Amino acid sequence: MRKLVALPVLSADALSSVAYGPEALITVLVLAGTAGLAYSTPVALAIVFLMLAVGVSYRQTIRAYPHGGGSYIVATDNLGRVPGLVAAAGLMTDYILTVAVSVSSGMAAVTSALPGLSDDVVLIGVLVIAVLLAGNLRGVRQAGALFAAPTYAFILAIAALVAFGLYHAAGRGFEPVPTPPLHAAEGVGLLLVMRAFASGSTAMTGIEAISNAVPAFKPESWRNARTTLSWMIGLLVAMFAGTMAMVHLEGVVPQSRETVLSQLAHRSFGDGGLYVFTQAATALVLLLAANTAYNDFPRVLFLLARDNHAPRIFTRLGDRLAFSNGIILLSVAAAVVYVAFEGRTDALIPLYAVGVFLAFTLSQSGMVVHWWRRRDRHWRKSLCFNATGALLSALVFVTAGITKFTEGAWVAILAVAGFLLVTTRIRRYYDRVGAALRLRPQTIEIPSGTLPPPPETCAPARAAPPRRAAGEGAAPGDGADSEAEDTPEEIRHLSVVPVDALHQASMRALAYAASLQQPVLALHVSPSDEDAERFREAWLLWGDHLPLRIVVSPYRAIVAPLISYIESLHHQRPDLTITVIIPEIVVRHWWHRALQSPLAGRLRRALRHLPKIVVTSVPFHVQDGRRPNL
């Protein structure tokens with residue numbers, strides 16, 4: 001991406017937080033009345049310093065990880081598996097709440113301009129999440145002017161709001177407008193100020209987005225990413241500080257039926273077109289910010305599944321080349337949170353700060369360890385920047401966890417703990433099953449005297465992009481002879497064995513296929529040429545007993561290439577009865593089934609329309625994850 005496109009697309013989450021961050025800060029301070037509002041400027045200045053410190057810290061991350069360095073990757077590389085999982089838990093919580101908070105704040109912007117919709121915010125918000133789900137399942141991507149426009153419109157709206165507000169304030173000598181009468185609910189104290197600091201710090205959400213997407217920039221990618229990050233931090237500081245200055249000068253306080261930003265727009269622009277433009281730009285940029293989570297959440301789930309910390313279904317690409325399962329999980333979780341908190345931004349903010357700054361803290365702490373180990377050029381300066389970012393992020397995380405624990409932060413903390421427990425147990429399960437499947441010296445070799453497969457089935461191939469859902473295909477009987485065999489002697493066989501890896505289960509399926517004394521073809525789907533070559537080497541090392549066909553699927557789809565290849569075999573040789581023999585791992589507990597790929601069932605549904613196709617499975621029982629029950 002060019003910097004002019006990357007800036008609005010990757011900064012939407014961070015810049016849109018200006019719509020709710022300042023208001024979250026003021027909402028806490030107003031509890032202490034006019035005396036509490038007096039602390040708004042010092043707290044805002046502290047948040048500005050935090051933005052600068054964390055922004056400079058992430059510049060160091062981009063330099064160290066030019067291929068993308070999200071919190072999960074950085075923490076795992078430098079701090080270990082468990083801190084990496086905790087960072088991933090913070091990220092997952094952050095992305096779920098990004099959707100919920102962005103939608104709720106967007107709805108607040110809409111209802112401020114159209115109060116008649118206030119009673120339907122929950123229903124409309126859920127519909128918005130459903131639209132985001134549908135769009136992302138269809139393969140919508142953040143790119144081009146279409147997605148850049150809302151962010152630039154929002155920047156322009158805030159700039160105009162601040163400029164008009166300062167012009168009006170200059171006419172009265174920059175004398176602040178008195179606030180409405182306020183009734184203090186509690187006294188001013190350190191705890192109140194720290195709560196306000198933690199709430200206002202949610203204006204920093206999304207700062208790490210650019211460090212995640214370094215490879216998406218044009219060369220030299222890391223340098224362009226650092227430049228874009230600097231522009232984003234500069235804009236964020238200017239917009240946040242400008243909004244807080246206007247809040248102070250205009251004497252605006254939070255209201256239940258109108259946002260602070262809407263009140264400022266009313267005072268600067270009245271009820272005319274500029275006010276409508278400001279509210280529309282705010283709602284659109286918040287919608288775009290919600291959509292950013294649909295790119296990042298499935299990606300983190302993919303990384304976790306790749307490392308055996310999440311079910312492997314999250315590595316699967318859908319027909320539109322999107323991680324469909326991750327997108328669905330994000331939508332369901334965000335909708336549940338949104339409905340549970342009735343679409344109220346002020347109720348969601350306490351949960352938000354915990355996940356955001358937990359990820360920040362572990363990422364920057366990982367960078368401190370990184371520089372200490374590497375000690376290359378300028379390492380001391382980089383270490384100091386990252387240490388400052390880690391310390392300040394930890395301060396906000398602890399403050400949010402303590403001061404907002406009873407307001408809902410306990411939910412986020414409990415979610416992180418539950419996530420850590422579940423992912424650890426999943427990894428333990430996959431490790432045990434892997435040990436049970438590992439090949440042993442006494443593995444029986446398959447005889448090489450099996451009949452060859454049909455012609456034109458042993459050359460390498462590359463899968464086309466998946467374009468249809470499993471189960472869709474040609475009409476019944478297309479390209480095939482009728483099933484007219486009446487005796488066993490009339491049936492001509494070919495056995496096809498999908499092999500994902502060489503292990504005990506696949507060896508047993510191959511042995512079963514060879515024992516039928518019919519032609520056998522092993523079929524392997526690889527995500528890249530490098531993976532295909534590694535599998536071929538392992539196959540040759542095993543002995544190359546059977547014909548092998550490797551299909552390269554760069555889209556990481558497995559089922560669609562298998563179906564496509566078997567269909568092509570059927571149309572080439574309609575006289576053959578093709579038996580697809582699938583290795584199937586049978587687990588002891590029902591809750592472990594979600595961790596295994598339901599390949600057999602999906603192939604049966606997808607190939608049912610074709611005659612003379614038989615799908616069967618060879619079970620491999622795993623009793624306790626340590627040894628198979630043969």
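In what follows, every heavy atom counts, from backbone to side chain, and hydrogens, waters and symmetry copies are set aside. In this text the structure is predicted, and so the values were computed from the model without any measurement.
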Exercise. What do you reckon, are the aromatic ring centroids of Tyr58 and Phe360 less than 6.0 Å apart?
Worked result: yes
Exercise. Under 3.5 Å, side chain of Thr423 to main-chain N/O of Leu420, donor-acceptor pair present?
Worked result: yes
For this session: Check whether the side chains of Asp94 and Thr98 place a donor and an acceptor atom closer than 3.5 Å, and report yes or no.
Result: yes
Exercise. Relative to each other, are the rings of His370 and Tyr65 parallel, tilted or perpendicular (30° and 60° limits)?
Worked result: tilted
Exercise. Leu235 versus Leu7: any side-chain heavy-atom pair under 4.5 Å?
Worked result: yes
Exercise. So do Val99 and Phe297 actually touch side chain to side chain, heavy atoms under 4.5 Å?
Worked result: no
Exercise. If every non-hydrogen atom of Gly326 is compared with every non-hydrogen atom of Pro298, which pair is closest and at what distance?
Worked result: C-CG, 4.1 Å
Problem set entry | Over 12 non-hydrogen atoms of neighbours within 6.0 angstrom of CZ in Phe174 | yes
Problem set entry | Glu208-Ser71 side chain donor-acceptor pair, cut-off 3.5 Å | yes
Exercise. If we only count heavy atoms from C-beta on, is the Thr282 to Ser262 side-chain gap below 4.5 Å?
Worked result: no
For this session: State whether the number of non-hydrogen atoms from other residues, nucleotides or ligands found under 6.0 Å of Phe164 atom CZ is greater than 12.
Result: no
Exercise. Is a side-chain N or O of Asp13 found less than 3.5 angstrom from the main chain of Ala289, in a donor-acceptor match?
Worked result: no
For this session: Scan for side-chain hydrogen bond (donor to acceptor under 3.5 Å, both in side chains) pairs involving residues 104-124, sequence neighbours excluded, and state none if there are none.
Result: Ser104-Thr345, Ser118-Arg257
Exercise. With the threshold set at 4.0 Å, does a side-chain nitrogen-carboxylate oxygen contact exist between Arg172 and Glu250?
Worked result: yes
Exercise. Any sub-3.5 Å donor-acceptor pair from Asn224's side-chain atoms to Phe217's backbone N or O?
Worked result: no
Exercise. Is the side chain of Ser211 donor-acceptor paired with the backbone N or O of Ile62 at a distance under 3.5 Å, no angle test?
Worked result: no
For this session: Return yes if a side-chain donor-acceptor contact under 3.5 Å exists between Ser268 and Tyr275, otherwise no.
Result: no
For this session: Can you see which heavy atom on Val162 is nearest to which on Thr243, and at what distance?
Result: CG2-N, 4.3 Å
Problem set entry | Closest non-hydrogen atom pair between Tyr20 and Thr202, with its separation | CE1-O, 4.0 Å
Exercise. Do any N or O atoms from the side chain of Glu23 and from the backbone of Val260 form a donor-acceptor pair under 3.5 angstrom?
Worked result: yes
For this session: State, with a plain yes or no, whether a side-chain heavy atom of Leu133 is found less than 4.5 Å away from one of Val332.
Result: no
Problem set entry | Euclidean distance, Gln263 CD relative to Met246 CE, rounded to 0.5 Å | 12.5 Å
Exercise. Which value, rounded to the nearest 0.5 Å, describes the distance between Trp222 atom CH2 and Thr227 atom OG1?
Worked result: 9.0 Å
Problem set entry | Test applied, side-chain contact (heavy atoms from CB on, under 4.5 Å); reference residue, Tyr72; option that passes from Arg299, Met92, His309 | His309
For this session: Would you mind reporting whether Ser393 and Leu362 have side-chain heavy atoms less than 4.5 Å apart?
Result: no
Exercise. Side chains of Tyr95 and Leu91: closer than 4.5 Å at any heavy-atom pair?
Worked result: yes
Exercise. Closest approach of Ala265 and Gln279, non-hydrogen atoms and distance?
Worked result: CB-OE1, 4.4 Å
Exercise. Going by heavy atoms in the side chains, are Val337 and Ile96 under 4.5 Å from each other?
Worked result: yes
For this session: Taking atom OH of Tyr39 as the centre, report whether more than 12 heavy atoms of other residues, nucleotides or ligands fall under 6.0 Å from it.
Result: no
Problem set entry | Closest non-hydrogen atom pair between Ala12 and Thr151, with its separation | CB-OG1, 3.7 Å
Exercise. Can any side-chain N or O of Thr361 pair as donor or acceptor with the backbone N or O of Ala394 at less than 3.5 Å?
Worked result: yes
Problem set entry | Spacing of Met107 atom CE and Leu123 atom CG [to the nearest 0.5 Å] | 9.0 Å
For this session: Indicate the atoms forming the closest heavy-atom contact of Ser331 with Ile129, along with that distance.
Result: O-CG2, 3.8 Å
For this session: For the residue pair Met204 and Val396, establish whether any side-chain heavy-atom pair is separated by less than 4.5 Å.
Result: no
